2 protein chains.
Amino acid sequence: MTKQSLHGQPIYDPSRHRMRTFSDVRQAFFDGTDTPTDYLERCLDTIAQKEPTIKAWVTLNEDNARQAAEESDQRYRRGDPLSPIDGMPIGIKDVLQTRDMPTEMGSPIFKGRETHMDSASVNALRLAGAPIVGKTVTTEFAFVVPGPTTNPFDSSATPGGSSSGTSAAVGAGMVPAALGNQVVGSIIRPAAFCGNFAIKPTLGALHGGEGLSLSQLHLGVHAASLEDLWAVAHEIAQRAGADPGYPGLFGPAHLAPAQRPGRLIVLETEGWARCDEMTQSAFHQVLDQLNDQSVTLITRRDDNTIERFERAIEASVILCRIVCSYELRWAFRNYRDTGLLSEDLCIWLEKAEQLTPQDYRDALQQRETMRQSLRALAPLADAMITLSCVGPAPPLDHLADSGEPGYAFKTGDPAFNAATSALGAPAITVPLLGIRGLPAGIQLIGQAHSDWPLAGHARWLMDAISPVSVS
Amino acid sequence: MTKQSLHGQPIYDPSRHRMRTFSDVRQAFFDGTDTPTDYLERCLDTIAQKEPTIKAWVTLNEDNARQAAEESDQRYRRGDPLSPIDGMPIGIKDVLQTRDMPTEMGSPIFKGRETHMDSASVNALRLAGAPIVGKTVTTEFAFVVPGPTTNPFDSSATPGGSSSGTSAAVGAGMVPAALGNQVVGSIIRPAAFCGNFAIKPTLGALHGGEGLSLSQLHLGVHAASLEDLWAVAHEIAQRAGADPGYPGLFGPAHLAPAQRPGRLIVLETEGWARCDEMTQSAFHQVLDQLNDQSVTLITRRDDNTIERFERAIEASVILCRIVCSYELRWAFRNYRDTGLLSEDLCIWLEKAEQLTPQDYRDALQQRETMRQSLRALAPLADAMITLSCVGPAPPLDHLADSGEPGYAFKTGDPAFNAATSALGAPAITVPLLGIRGLPAGIQLIGQAHSDWPLAGHARWLMDAISPVSVS
């Protein structure tokens, strides 16, 4: 029986919570004891039950998903599935184009807009046999202003953003996996708020699609397990490839075996100072367990290279704002002229209009310096560890200080995420924490292109570390 | 009086041909002896006269252009123009989005498609006060299959491609400048065929827009003079910025002063061996003049570093095919499913489907090696010089051997252009050659980010070198 909070909602317990996984049940498709169609119908049942509260979806296309699942049934019946994700129902963040559904980007400007195209990643998923269930809610243009989605574990809390619907859909067990993307904190933060596994891969590893032309846009995967996560990422990489000019996701088709990291760098980032005591305490309990498992933990106090790195990344949130607002100012100008752009994005545009080409060059140079500082850490440890969020999901009306006048973050503070976005480093969040009955995440961060071994460390973490609940 | 060819068409003579320039007549807008509206009307008259034969335009928006010109009139009347290109009528290659015209990308798939958006570069031009006259014909998705455009100097010859309408419109004096882009040979080659000045800037220097997600897509400018060319490029750089993640175009607002290069590397590239004797002879006449002007010319026979570079770039055409077909295969798959993709692009897709992620990585690595070889040349010379095309514009039905079975180049051979596209190096073509009564170009190539001094060398070339006609 699920424990109930004072408000009658289920309390999230990371040691008990079970998600709707796919890879581990898929074997039953081969012997016919389960089918992709039955799996999909269970997903659709959960959606029907929970969607009125959670509001994760902008558009559902049940007919097309059912047809894709039936075709998948036949392939399994013949013993000939297209891929390890054949039959896996997937949700698509509504900034990515889909040929059978509108792509609205969280803006009334694009209400009902049909592009009749599949983004590279969606094209890859279809070729791999995955039924596309629908489009998930995003904040406006994947920036600040939230859609209607609520947190699956507390309807008065944010699911996080910008991949709000993606996170909530996976967290609520509506689908085993969904696509999101991150330019500041949009994958790892909402995934942590909703108890998901998620990967923000190395920059460029997965083709991010058209329509949001940003130099630090990362396409990533939210999933119910690390196996599901890796399978989806790998299929996209194989069938759609990388962002143009990038070498793509490295690693074989199977998830890396669990691998204990010998040494981990414990990162503070901008997040630690903004983190509540309870979440800090939960993180310390994880670190204590790592110590017990003979993982050597090193921090900025142990090594000057780490101290230099922490200083290099300490203004990442504002750096991300400068980079992203400058890169999209031409689009914001177009949107503003429609009269349908939010106040918040108008403020981003105002700030962007004050930037010169030299300011942008300086920001790129600062980002490159950060990336050099990251590479200098490579000899010191197998990976880095930190929190995924400054605390559990705040209330829907919470305004997180952005550090700049004029706008606030409305789907939680990205202070633990902006650095990895700017760095282009791979990050994986695992749902190991429960804080006051809500999920929070532990984040592993690697060097560029270490996605596969990083997933192996994440797997070890799930095997070796007991989930921590504090309240 | 213009000399006539046997077929009754005017023979192009580079020493006599005058284009419709803008910067040098603009002064008259301030004293009221000329106005942007009058200038535009002269452009529209030329369009009305020549368009039935040349077919440079997919869409014209004369009303909006006239309105923009009237607003420009008022600004000059007040002595307060927005920029040096305020009032300059400009054409836009129809792969770039325009809010007031469809963006069809040379494909029936996108016939009449309105995006209601201006691409970054178009947004910049409007903010700078330039009336947008219309959309110029492109080959299908800026690849192989040509549109209806003919060469302004021979209606039975190709204008080149993919920026076919852009080149022809500028070459015919319909507009003083137009935008194009290049991933293989699409700016420099057609500009040479049509007698234009054009710049393919350093990779990423000008925001290339959405919709063709290619790692070596360069936005560039065709113009009637180097002054016009630089003014347009500079305004785009200032107001729209670079491609995301790139530092953008370097250099002040004014065209560089004419600067004699002390040393030039004479490049063969893949083009020299594919070049006819008459064009080779014309190029040698230019080199002889450079010698006479005490410019030191060095070749692969003078320096091993140059020899290594020539070898590094000798398979650039096929490298470009691999990179571009892999990067757009997801889009080609979408297009193919409509049944409206050309046979040629279906072949590109077939070839792309045979490529693995590792093949793509190998191609990127080869490209990076080429770029390193280019950087090694920096100490040797001020710039590089070669032809812009293997000869004058071939007939409309000419098939240029691609070096691969299955497809041919239908708007001329890009053998002198593929290398600079892969290298991301800036290239400028100047109309110094007449071959059998048709234009051809001399190409200057620089190190990355040397666009501004390169334009200064191009300016010196126009001042110091007599145009060469051979027939």
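In what follows, chains carry the letters A, B, and so on, assigned in the order in which the sequence lines appear, proteins first and then strands, with residues in each chain numbered from 1. These figures come from a predicted structure and were not determined experimentally.
Ranked by heavy-atom pairs shorter than 4.5 Å toward chain A, the options B:Pro244, B:Gly209, B:Gly241, B:Ala363 are led by B:Pro244.
Summarising the geometry of B:Pro357 relative to A:Ala237, their closest heavy-atom pair is CG-O, 4.1 Å, with the distance given to 0.1 Å. Nearest heavy atom pair, residue B:Leu364 against residue A:Pro247, reads CD1-N, 4.0 Å.
Interface remark: A:Leu212 contributes backbone atoms only to the contact with chain B (heavy atom separation under 4.5 Å). For B:Leu249, the part sitting under 4.5 Å from any heavy atom of chain A is the backbone (N, CA, C, O) and nothing else. Neither the backbone nor the side chain of B:Leu328 comes within less than 4.5 Å of any heavy atom in chain A.
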If you check both backbone and side chains, which donor-acceptor pairs between chain B and chain A fall under 3.5 Å?
residue	atom	partner	partner atom	Å
B:Arg99	NH1	A:Asp337	OD2	3.1
B:Asp118	N	A:Asn334	OD1	2.8
B:Asp118	O	A:Asn334	ND2	2.9
B:Asn123	OD1	A:Arg333	NH1	2.6
B:His207	NE2	A:Trp330	NE1	3.4
B:Glu210	OE1	A:Gly211	N	2.8
B:Glu210	OE2	A:Ser213	OG	3.4
B:Gly211	N	A:Glu210	OE1	2.8
B:Ser213	OG	A:Glu210	OE2	3.4
B:Gln238	O	A:Arg329	NH2	3.2
B:Arg239	O	A:Arg333	NH1	2.8
B:Arg239	O	A:Arg333	NH2	3.0
B:Gly245	N	A:Glu327	OE2	3.4
B:Gly245	N	A:Tyr360	OH	2.7
B:Pro247	O	A:Arg361	NE	2.6
B:Pro247	O	A:Arg361	NH2	3.2
B:Leu249	O	A:Arg361	NH2	2.8
B:Glu327	OE2	A:Gly245	N	3.3
B:Arg329	NH2	A:Gln238	O	3.2
B:Trp330	NE1	A:His207	NE2	3.3
B:Arg333	NH1	A:Asn123	OD1	2.7
B:Arg333	NH1	A:Arg239	O	2.8
B:Arg333	NH2	A:Arg239	O	3.0
B:Asn334	OD1	A:Asp118	N	2.8
B:Asn334	ND2	A:Asp118	O	2.8
B:Asp337	OD2	A:Arg99	NH1	3.1
B:Tyr360	OH	A:Gly245	N	2.7
B:Arg361	NE	A:Pro247	O	2.6
B:Arg361	NH2	A:Pro247	O	3.2
B:Arg361	NH2	A:Leu249	O	2.9

